[in-house]
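Predicted model only: the values in this text are computed from it and were never measured.
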Amino acid sequence: MPELPEVETVKEVLKTKILNKKIVDVKIFYEKTIEYPKVDEFKSKIINQQIVNIHRRGKWLMFELNDYYLLSHLRMEGKYNIKKTTEALDKHEHVVFVFDDKEELRYRDTRKFGKMNLVIKKEIYDFPVLKKLGLEPDDDNLTVDYLKSKYKKKNLPIKSVLLDQQIIVGIGNIYADEILFLSKINPLKQAKKLTKQQLQLIIDNTRGVLKRAIKAGGTTIRSYTSSEGVHGRFQQELLVHGKENEPCPQCNTPIIKIKVGGRGTYYCKNCQKM
DNA sequence: AGTGCGACCCGAACGC
DNA sequence: TGCGTTCGGGTCGCAC
């Protein structure tokens, strides 16, 4: 599923392919993908805009247009592909941006969970979904003191808190398990009970894991197969996620799977003791 | 304010 | 084989 490294990879690939292209039409086959503004307004505003640049904030892909940002969240299965206008439409292609050169950017999403928003440039950082986001993993302000202040009232298990995008952005279910394994922290440990050393490990391993995953082009796992030119190789480097009953790479104890906050969670009960 | 949980979706995996 | 059921995953909104 697209977490920060997947979105970063999609952004970089799309930048090599669609920069400066002009949108001459938009076809919307599943209207609920468009969250804001209303579909008609979305269409009329985006037509004749060019793709000036592409950015990322957390798991949001940000297409910079002349006057707007198109914010796109892939959720679990959203993908982008570039195709010729003559190619047949796939049943999971819900939004199609037609360019002036007979090519199209197609948004494909089997589960239909992904969302798009079109926001005037100067209002972008006041837009609710971006405004409430926490720090990027590589932000210098991400320190032990920052985490301590954010975690001090959190009775929830650290696994759940790592997924909270209002504290650190970009971590999803897969990388949360990897980060905790590398930090030798039990996923059920209450966030507010972590020591300063453990918080430092979380910071270091968050940066390390995400950086390595970006280098590998993200993780292609289960249903998340590929976007345009994106075939993540990081799954080959996963240590515990999805490895139920397989030996721990550190101590050979079988990896166990539990539910934490409703999410499948993999860990080594020997290496990650309470 | 913090927490828990259903809703949103549908293909894949599982159980019989 | 076929059919029904369960699962998963990010985020929001609502109840407590």
Side-chain angles (χ1 to χ4, degrees), chain A residues 1-8 10 28-36 56-62 71-80 90-95 107-117 119 127-134 136-137 147-180 187-194 206 210 213 218-227 232 234-235 238 240-245 256-267:
Chain A
M1 338 27 248
E3 301 183 28
L4 186 151
E6 290 74 32
V7 180
E8 181 68 22
V10 171
I28 297 164
F29 302 101
Y30 183 72
E31 301 206 338
K32 287 163 92 174
T33 301
I34 311 303
E35 194 165 51
Y36 177 89
R56 179 193 58 73
R57 173 78 173 98
K59 300 175 190 172
W60 285 93
L61 206 49
M62 301 171 67
L71 302 182
S72 170
H73 199 300
L74 307 174
R75 294 288 182 96
M76 264 77 75
E77 310 210 352
K79 299 169 181 66
Y80 280 101
D90 179 281
K91 75 166 184 174
H92 298 299
E93 288 172 341
H94 306 308
V95 182
Y107 177 71
R108 185 179 192 277
D109 187 349
T110 35
R111 288 260 177 80
K112 300 180 171 173
F113 271 16
K115 298 289 176 209
M116 294 183 194
N117 295 270
V119 185
F127 197 69
V129 295
L130 293 193
K131 195 169 186 176
K132 62 187 177 189
L133 292 180
E136 290 286 331
L147 285 188
K148 210 143 192 62
S149 71
K150 292 289 184 183
Y151 287 2
K152 68 176 180 232
K153 287 178 185 163
K154 294 284 187 190
N155 297 310
L156 291 171
I158 180 61
K159 164 72 188 263
S160 302
V161 174
L162 279 181
L163 300 175
D164 185 343
Q165 303 298 303
Q166 299 190 42
I167 302 175
I168 305 174
V169 297
I171 302 170
N173 202 38
I174 299 170
Y175 298 123
D177 286 354
E178 299 296 302
I179 291 162
L180 291 175
L188 292 168
K189 184 100 180 173
Q190 279 186 310
K192 68 177 178 187
K193 291 188 176 163
L194 294 171
T206 296
L210 295 181
T219 301
T220 302
I221 188 174
R222 281 179 71 94
S223 53
Y224 195 76
T225 50
S226 68
S227 249
F234 194 70
Q235 76 275 18
L238 293 179
V240 289
H241 189 89
K243 308 278 188 187
E244 188 178 16
N245 296 327
I256 55 175
K257 182 186 184 187
I258 60 170
K259 288 261 186 193
V260 180
R263 296 281 170 263
T265 298
Y266 300 83
Y267 74 108

Margin query: Checking contacts here: which listed nucleotide (C:dC12, B:dC9, B:dT3) is nearest the side-chain heavy atoms of A:R75?
Written below: C:dC12

Next item on the list: Calculate the interatomic distance between A:F29 atom CZ and B:dC9 atom P; express it in whole Å.
Entry: 18 Å

Check: Nearest nucleotide by nearest heavy atom, which residue falls closer to the 5' end of DNA chain B, A:F113 or A:N155?
Finding: A:N155

Notebook entry, point to check: If you take all heavy atoms of A:R108 and A:D90, which pair is closest and at what distance?
Noted result: NE-OD1, 3.3 Å

Next item on the list: Scan A:D109 against the nucleic acid and name what it touches under 4.0 Å (heavy atoms): base, sugar-phosphate only, or nothing.
Entry: nothing

Check: Does any non-hydrogen side-chain atom of A:E8 lie less than 4.5 Å from one of A:L210?
Finding: no

Next item on the list: Go through C:dT11, C:dC12, B:dG2 for me and flag the one nearest to the A:V129 side chain.
Entry: C:dC12

Next item on the list: Mind calculating the distance between CG (A:L162) and P (C:dG10) to the nearest angstrom?
Entry: 12 Å

Margin query: So A:K154, base contact, sugar-phosphate only, or nothing? Heavy-atom distance under 4.0 Å.
Written below: sugar-phosphate

Checklist line | OP1 or OP2 of C:dG9 under 4.0 Å from side-chain N/O of A:N173 | finding: yes

Next item on the list: Identify which nucleotide among B:dC10, C:dG9, B:dG4 has an atom closest to any side-chain atom of A:K112, counting heavy atoms from C-beta outward.
Entry: B:dC10

Next item on the list: Take atom CD of A:Q165 and atom P of C:dC12, then tell me their distance rounded to the nearest Å.
Entry: 9 Å

Next item on the list: Begin from the C-alpha positions of A:K159 and A:N173 and carry the test side-chain contact (heavy atoms from CB on, under 4.5 Å) through to its verdict.
Entry: CA-CA 8 Å; A:K159 164 72 188 263; A:N173 202 38; 2.7 Å; yes

Check: When rounded to the nearest 0.5 angstrom, what distance separates CD in A:E93 from OH in A:Y107?
Finding: 12.0 Å

Next item on the list: Write down the distance between CG (A:L61) and C1' (C:dT11), rounded to a whole number of angstrom.
Entry: 17 Å

Next item on the list: Look at A:K59 and C:dT11 and indicate whether a side-chain polar atom (N or O) is within less than 4.0 Å of OP1 or OP2.
Entry: yes

Margin query: I need the CE-P distance between A:M116 and B:dC8, as an integer number of Å.
Written below: 21 Å

Notebook entry, point to check: Given atom NZ of A:K259 and atom C1' of C:dC7, what is their separation to the nearest angstrom?
Noted result: 7 Å

Next item on the list: Give one of base, sugar-phosphate or nothing for A:H92, where a contact means two heavy atoms less than 4.0 Å apart.
Entry: sugar-phosphate

Check: Is it true that A:K154 and A:D164 make a salt bridge, defined as a side-chain N closer than 4.0 Å to a carboxylate O?
Finding: yes

Next item on the list: Taking only the side-chain nitrogens and oxygens of A:H73, find out if one of them lies under 4.0 Å from OP1 or OP2 of C:dT11.
Entry: yes

Check: In whole angstroms, how far is the C1' atom of B:dG11 from the CE atom of A:M76?
Finding: 12 Å

Check: What is the nucleic acid contact for A:K150, judged by heavy atoms within less than 4.0 Å: base, sugar-phosphate only, or nothing?
Finding: nothing

Next item on the list: State which of B:dC9, B:dG11, B:dG4 makes the closest approach to the side chain of A:K32.
Entry: B:dC9

Check: Base, sugar-phosphate, or nothing for A:K132, non-hydrogen atoms under 4.0 angstrom?
Finding: sugar-phosphate

Check: Using 30° and 60° as the class limits, which term best fits the ring planes of A:Y266 and A:H241: parallel, tilted or perpendicular?
Finding: perpendicular

Check: Just how far, in rounded Å, is P of C:dC12 from CG of A:L71?
Finding: 12 Å

Check: With both distances under 3.5 angstrom, what nucleotide forms a Watson-Crick or G-U wobble pair with C:dT1?
Finding: none

